[in-house]
Amino acid sequence: MKTAAASTEADPLPNTHDEALRWESWLHAYEQARDELPGPISGHCPNCGRACLRLVYRLRIPRLLIGEAHFWCDHCLKGPYLGSVEIPEAVAGEADEQAYQRLSATIPDYELIPPAASSPP
């Protein structure tokens, strides 16, 4: 039985191994989703297990096909922060600013999952 004094102790440090596994599972899900484009995404959310993953790109450097990716689960509203990514040629036409403005209305305010502490930036 815990004493009252024990209940006021700070939470232990986060388990970096668990964070790294969580981050890796999101990266794997993103890579799978990216590779399935322009077709539907068949993968499952690493957080809740539902097949509700969504992916929207925003083209920032057209000649290099570099931009940002918004990747999230429509069920639990979680998704990784991916930073700059290479946009697949198959969907580059859907990632221009005009298309992004149309699609950005579909991007919910989802919780960003940061890279694990042991992952490179």
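We use all heavy atoms of the structure for the numbers below, so side chains are in, but hydrogens, waters and symmetry mates are not. Numbers here simply count residues along the sequence, with the first being 1.
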>> So, taking the atom named CZ in Arg22 and the one named CG in Leu27, what distance separates them when rounded to the nearest 0.5 Å?
In response: 12.0 Å
> How many angstroms lie between atom CG of Leu55 and atom CD1 of Ile107, to the nearest 0.5 angstrom?
Replying inline: 9.5 Å
> Among Tyr30, Trp26, Trp72, which one satisfies side-chain contact (heavy atoms from CB on, under 4.5 Å) with Leu53?
Replying inline: Trp26
> Are the side chains of Pro114 and Tyr81 in touch, meaning some heavy atoms are under 4.5 Å apart?
Replying inline: no
>> To check you understand the geometry: which heavy-atom pair defines the closest contact between Cys48 and His75, and what is its length?
In response: SG-CD2, 3.7 Å
>> Give me the atom names and distance for the closest heavy-atom approach of Ile87 to Ala92.
In response: CG2-CA, 4.1 Å
> How about Thr106 and Arg54: do any of their side-chain heavy atoms sit closer than 4.5 Å?
Replying inline: yes
> To the nearest 0.5 Å, how far apart are SG in Cys73 and CD1 in Ile41?
Replying inline: 11.0 Å
>> I want to check something: taking the side chain as every heavy atom from C-beta on, are Phe71 and Arg34 in contact at a cut-off of under 4.5 Å?
In response: no
>> If you define the side chain from C-beta out and look only at heavy atoms, does anything of Glu36 sit under 4.5 Å from Ser42?
In response: yes
> When clusters are formed by joining ILVMFWY residues with side-chain heavy atoms under 4.5 Å apart, either directly or through shared neighbours, do Leu59 and Leu64 land in the same one?
Replying inline: no
> What closest approach, in Å, do Lys78 and Ile113 show between heavy atoms, and which atom pair accounts for it?
Replying inline: CB-CD1, 4.0 Å
> Same hydrophobic cluster for Ile66 and Tyr57, using side-chain heavy-atom links shorter than 4.5 Å among ILVMFWY?
Replying inline: no
